Protein chains: 2
Amino acid sequence: MEMLNERTERVLYSVVRSYISTNEPVGSRFITKAYSFNLSPATIRNIMADLEEFGFLAQPHTSAGRVPTDRGYRFYVDYISKRREAEDGLLESFIARLEAAREDLGGLLEMAARTLSERSKYLGLAAPMKSGKTTLNRMELFSYRGNYVAVMLLTDEGLIKHKLIRMDQALSPRTLRRISEYLNQEFSGYTIDEIRFKLIREMSREKALCDILISKAVRICREALTFPAGDIYISGFSDFIGLPDFSDRIGQIAGAIEDKHFMLKLLEQVGSESEDAPSVVIGSENPVREMRDLSMVVSAFKRGGKTAGTVGVIGPTRMDYPKAMAMVHGIAKIITEALAR
Amino acid sequence: MEMLNERTERVLYSVVRSYISTNEPVGSRFITKAYSFNLSPATIRNIMADLEEFGFLAQPHTSAGRVPTDRGYRFYVDYISKRREAEDGLLESFIARLEAAREDLGGLLEMAARTLSERSKYLGLAAPMKSGKTTLNRMELFSYRGNYVAVMLLTDEGLIKHKLIRMDQALSPRTLRRISEYLNQEFSGYTIDEIRFKLIREMSREKALCDILISKAVRICREALTFPAGDIYISGFSDFIGLPDFSDRIGQIAGAIEDKHFMLKLLEQVGSESEDAPSVVIGSENPVREMRDLSMVVSAFKRGGKTAGTVGVIGPTRMDYPKAMAMVHGIAKIITEALAR
DNA sequence: CTTTAGCACTCAAACATCGAGAGTGCTAAA
DNA sequence: TTTAGCACTCTCGATGTTTGAGTGCTAAAG
């Protein structure tokens, strides 16, 4: 970046800013007027030519204005990150909703995704941490309609899951209670992944002991843990799809978004890098092909010092980064606080 | 319909059929060739002119071929309903999946929606009956992290819900057990709507009795029943959006689909009419404006003789009705059977 | 050495023109 | 009642033409 002097930076900044708001290639003349440089268009042209040479700008065709490249956006994001202005006031509505929201993490995250998308017109995302990493608090079993067992699974992180399991025969309340005691004693306090691992060992031991109760317990537990991985809240589909930026290839993008599994992986991947500030991935920086002309802004929220999940937005590369970053960061902070109380 | 003779009906049938598969206005000449009428194009033209006069066909512009109106589609649907061909073989994959599916209704319906959309390339829908109409089987309570109470709610229909409620102070296991006993004794076997009603009465009684335990029970129950109404599974968004039929107004349609509350109402409304055969709503017959150029095929599934929910597809008016009807009907039947076993 | 004015050049977008092709309606004959 | 024939209409794509925005380059001015 050291090859850019003060003035050049200002020009680049102006071009990106202008393109973000108008979505039109920006010309030298326009820059001089709109941003009151005391320079002639010709000078700006020279500067822009330099910027193009360095790969910050590009021309759709010879006689069009300039358009930022991904590298240009990257400069812009880093530039504004330095002097981050407090963009508050966007978040009260979320806080207000938070009070009304259901008390569990799911409700909270759904709300977060919705707020994010409503305020940004981009795609709002929120997901709890990978369920395997969550810590089991307790497991409750009860029989249901004869030979079914309903399992409710509570984690320390506030995640709740339920599952219905069919057994060969009905289990008496007493048996059920003993199974439940056994399971909680054995597995409470471990993460789901750890439990999965322990189960495997348990299974061989069980064979040796030939204990019919433990055998049942293990089976129930194993089934209860086979929920589909994808817990993710996505909101703002329609506004996002309606954006003019990708009026072609809508099908492709819609397909990618509908694949929750895929989205979750993406979110985790990007979010894991985020420490205090939100992490930003721009267009071609994105590891995944389908997302090559989209940008993401993602931030993690925590509980008890550990990452408990991620929130973020996805938008076109020409998205309003300052606003998106402020929102994502703000909401992550609010969730962290909400979880701490 | 009595104004149409045999031959005219055949022509209309052919036009609709052809338009559905090609999505191109169909001309007189094409009809004679493709469907081997022993008539000249001119004669077909006359017939088509009649059909246009009656409102079954329309021309996009004077020198284009004919296109079915909604009334034309309606004729077509009624026509094929008479001689419904067994369109089986599409459904094994669903049955296979069914076995692998989770045992509760939610998993089943998600699967159904997905199968429907994958096989039809339209939007697949599935929803359990309005939750208010379901019958409470049992309610289970346990304390969680001090002053929270986790509630698990099981209905006779196989619907499972959970909810986390924050209390002013922690409740002892003993208290909780007593509350739970009270609630189940009082409310098991009633529908959610009935329970809501009873709760109101209970609240005044409670005041009179000033029973602190009952007061807590009532509060918990009330909160537990305030889950958001919208339980609906939607699948195939991306294929549907990608359909050429509505490349404009995608935003509008996407918006309508994203509004689950709205979709649920729509599904219920249409599904309630369906008795044995699937009910079909075509374009302008649709009560809702946003859906005016979409068609729906919906069928209800049952449990114990009572409607337990609905499945359906939404597609363009020019959709493959025979296939859609066969699929929707078939899946509804399979679900009904699965629930009965 | 930097900035600027001027000018020639390029290209996309908007608009008009034109012919081909598909399809119709009407009329008159079979 | 059906059909052949014909004139007519309209869309669509191809082909110019014009316009305007924007550039790069050069040479002069600061």
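Given the structure is predicted, the values throughout are model-derived calculations rather than measurements. The basis for the numbers below is simple: all heavy atoms, side chains too, and nothing from hydrogens, waters or symmetry mates. Here is the naming used below: chain letters follow the sequence lines, and residue numbers restart at 1 for every chain.
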Please collect all salt bridge (Lys or Arg N to Asp or Glu O under 4.0 Å) contacts where either partner lies in [range], sequence neighbours excluded, each pair once.
range: residues 278-288 of chain B; value: B/Arg74-B/Glu285
range: residues 289-299 of chain B; value: B/Arg249-B/Asp293
range: residues 26-45 of chain B; value: none

Task: With B/Tyr122, the side-chain contact (heavy atoms from CB on, under 4.5 Å) member among B/Asp239, B/Leu243, B/Leu116 - done: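 Of the listed residues B/Asp239, B/Leu243, B/Leu116, the side-chain contact (heavy atoms from CB on, under 4.5 Å) partner of B/Tyr122 is B/Leu243.
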
Open item on the list: Dot-bracket, 5' to 3', for DNA chain C please: Watson-Crick or G-U pairs under 3.5 Å, [ ] where pairs cross earlier ones, | where the partner sits on another strand, dots elsewhere.
Closed with: ||||||||||||||||||||||||||||||

Return the set of residues passing side-chain hydrogen bond (donor to acceptor under 3.5 Å, both in side chains) with [X] (not counting sequence neighbours), or none when no residue passes.
X: B/Asp70; result: B/Ser284
X: B/Asn23; result: B/Tyr19, B/Arg318
X: A/Thr310; result: none

Task: Pairing residues for B/Ile250 by the side chain to side chain contact (heavy atoms under 4.5 Å, CB included) criterion, not counting sequence neighbours - done: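 A/Ile241, A/Ile250, B/Ile241.
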
Open item on the list: Below the 4.0 Å mark, does D/dT3 have OP1 or OP2 next to a side-chain nitrogen or oxygen of B/Thr43?
Closed with: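 Checking D/dT3 against B/Thr43, a side-chain N or O does come within under 4.0 Å of OP1 or OP2.
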
- [ ] For C/dT2, take OP1 and OP2 only and decide whether either is under 4.0 Å from a side-chain N or O of A/Arg7.
- [x]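 Looking at the OP1 and OP2 atoms of C/dT2, neither is under 4.0 Å from any side-chain N or O of A/Arg7.
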
- [ ] Between protein and nucleotides 10-30 of chain D, map the contacts as a letter string: B base, S sugar-phosphate only, - none, heavy atoms under 4.0 Å, written 5' to 3'.
- [x] BS---------BSBB------

TODO: Give, ordered by number, those residues of residues 16-24 of chain B having at least one heavy-atom distance below 4.0 Å to an atom of DNA chain D; if nothing qualifies, reply none.
DONE: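 Output list: empty, so none.
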
Open item on the list: For residues 53-64 of chain A, which residue pairs pass the side chain to side chain donor-acceptor pair (under 3.5 Å) check, not counting sequence neighbours?
Closed with: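 Qualifying pairs: A/Glu52-A/Gln59.
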
Determine all donor-acceptor pairs shorter than 3.5 Å in which one atom belongs to a side chain in residues 262-271 of chain B; sequence neighbours excluded.
none

